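To keep things clear, I will list the structure first and then write my remarks on it.
Worth saying up front: this structure is predicted, and the values here are computed from it rather than measured.
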2 protein chains.
Amino acid sequence: MTRAATIDVLVVEDDPVAAEAHALHVSRAPGFRTVGTAHSATQALRFLENARAAGRPVDLTLLDLHLPDGHGLQLCRTLRAAGHGTDIIAVTSARELTTVRQAVSAGVVQYLLKPFAAATLHERLDRYARYRASLARTGEATGQDEVDQAFAVLRTSERSTLPKGLSAPTLEAVATVLQHADGSLSAAAAGVRAGVSRITARRYLEHLVDTGLAVREPRYGQVGRPELCYRARNMSGS
Amino acid sequence: MTRAATIDVLVVEDDPVAAEAHALHVSRAPGFRTVGTAHSATQALRFLENARAAGRPVDLTLLDLHLPDGHGLQLCRTLRAAGHGTDIIAVTSARELTTVRQAVSAGVVQYLLKPFAAATLHERLDRYARYRASLARTGEATGQDEVDQAFAVLRTSERSTLPKGLSAPTLEAVATVLQHADGSLSAAAAGVRAGVSRITARRYLEHLVDTGLAVREPRYGQVGRPELCYRARNMSGS
DNA sequence: CACGTTTGCGTTCATAGAGTTCACGGCTGA
DNA sequence: TCAGCCGTGAACTCTATGAACGCAAACGTG
């Protein structure tokens, strides 16, 4: 590869704790390096300007769309207008479909919904690295196929392998229920909301605990065995 | 079949003959309408401004990157900075990989190399229509899956020929059954209605999911493994 | 402080549908 | 006519789910 081996990443995230976590995960991915974190659009813009001026433009920006001083997509547009070429992965809890659409037109390469497992972030980064590698070769595309291939690598989703006995849609459903619940939920309550049995809900909740996306907390006070509740561990500050 | 609300297209192309040809092809695609052509960046910008001011913003722009008064990607950035949401298909003979990369970061939804067959343009337009339909539903994404699906529909390149093992008439039959069913169908039910086995029905339903024409949704509640149901994705913008 | 009560956890297992493999029959081209 | 390929479906294995049930943990009462 003619390119610099490492991909320089800027993490833009409102919540300092989440920012730290993201930065750590990025640095752990082979070939990636976190070169900075920013907690606001202003900081992010300044960082990118400085990096570019220093001749080390940021390759990839992990961008939370919810920022204290403006919307992330607005920052995207500002960046593009200023000629910044940094690729952007939107990392956000914004689930509105119109936002997704706007993100695409603003030139976001991927759109990652919070909360996500560390493995998911890794998979996306790996995918981005492959996309980049496929276009790093200087020169010209041999044909439409090669262009299509680059797009496909970037955009096709690769199902991460789940433990036996678990299915992706159910996991999605349970995770969503847990995220949208304010406070914590018992397995039974989560089951009802997700439309599955307590047993199934518990299975997936335990998986979420295993992967670090949820935490268990017993709830005492009532007569009988304490109720075991689950709470989404928020990777977002929003 | 009730068609989607029409998608308004602006053709931006330096060469008047090619512009005419593109406009014609676009108008022939069901659901698409050419609302104008422009032969320069200035004209294009003016047209988009006027259309937006008139309350009929252009949905999609077919943009040649080589324009007499500037580069198409620069026009992209200008548009984004001005808050234009029009989606853009780059139509160009520029084969440089760096240009492809820049196009992605400028928010181009597809990148079509000239010269191309009319069928190729059609396929891309159809794909864009599906992407649009998948995000037209107001509301929120149920999860990462749905977002990924939208990206995949947009970016996966589709061979005009069906995958091995599938036949056009059967696909037609299964698709029709699914369209006419109110609500969702299990593979078995679809098979019965289409007059094929569950296995065959499943094959074609999966293909429909891959191409973004259908969605899967598990149905819980009964004892035993959950039933996996398929639902035709609504192509009409409500 | 010990013991019963109460409540929900956690496990085991039957079940029904998913998903895969492979053999058959028909069509096509030589 | 024969050879090869392609779409189909039967048989089979696998997997995700929920019902049943015993057990664990905290509270209440003496």
Would you check, one step at a time, whether the test side-chain hydrogen bond (donor to acceptor under 3.5 Å, both in side chains) holds for B:Arg203 with B:Thr170?
CA-CA 10 Å; B:Arg203 262 187 212 122; B:Thr170 312; over 6 Å; no
Is the number of heavy atoms from other residues, nucleotides or ligands within 6.0 Å of CD (B:Glu172) greater than 12?
no
Please report, rounded to the nearest Å, how far the [atom2] atom of [N] is from the [atom1] atom of [X].
{"X": "B:Gln222", "N": "D:dG18", "atom1": "CD", "atom2": "C1'", "answer": "10 Å"}
{"X": "B:Leu166", "N": "D:dC6", "atom1": "CG", "atom2": "P", "answer": "12 Å"}
{"X": "A:Leu228", "N": "D:dA24", "atom1": "CG", "atom2": "C1'", "answer": "12 Å"}
{"X": "A:His207", "N": "D:dT17", "atom1": "NE2", "atom2": "P", "answer": "12 Å"}

Taking only residues two or more places apart in sequence or in another chain, which ones pass ring-ring contact (aromatic ring centres under 6.0 Å, His included) with A:His207?
none
Interatomic distance, CD@B:Glu123 vs CG@B:Leu125, rounded to 0.5 Å, equals 9.5 Å
To the nearest 0.5 angstrom, please state how far the CZ atom of A:Arg28 sits from the CG atom of A:Leu121.
11.0 Å
Over all strands shown, is B:Thr170 touching base, sugar-phosphate only, or nothing at heavy-atom distances under 4.0 angstrom?
sugar-phosphate
Under 4.0 Å from any heavy atom of chain B: name the first and the last nucleotide of DNA chain C that qualifies, 5' to 3'.
C:dT15 to C:dT20
Are B:Phe116 and B:His22, when compared by the centres of their aromatic rings, separated by less than 6.0 Å?
yes
Of B:Arg225 and A:Pro226, the one whose closest nucleotide on DNA chain D sits nearer the 5' end is B:Arg225
So, the side chain of A:Asp59 versus the backbone of A:Asp8: is there a donor-acceptor pair under 3.5 Å, distance only?
yes
Quick one: does any side-chain atom of B:Tyr230 pair with a main-chain N or O of B:Glu206 as donor and acceptor, under 3.5 Å?
no
Give, ordered by number, those residues of residues 192-206 of chain A having at least one heavy-atom distance below 4.0 Å to an atom of DNA chain C; if nothing qualifies, reply none.
A:Arg198, A:Ile199, A:Arg202
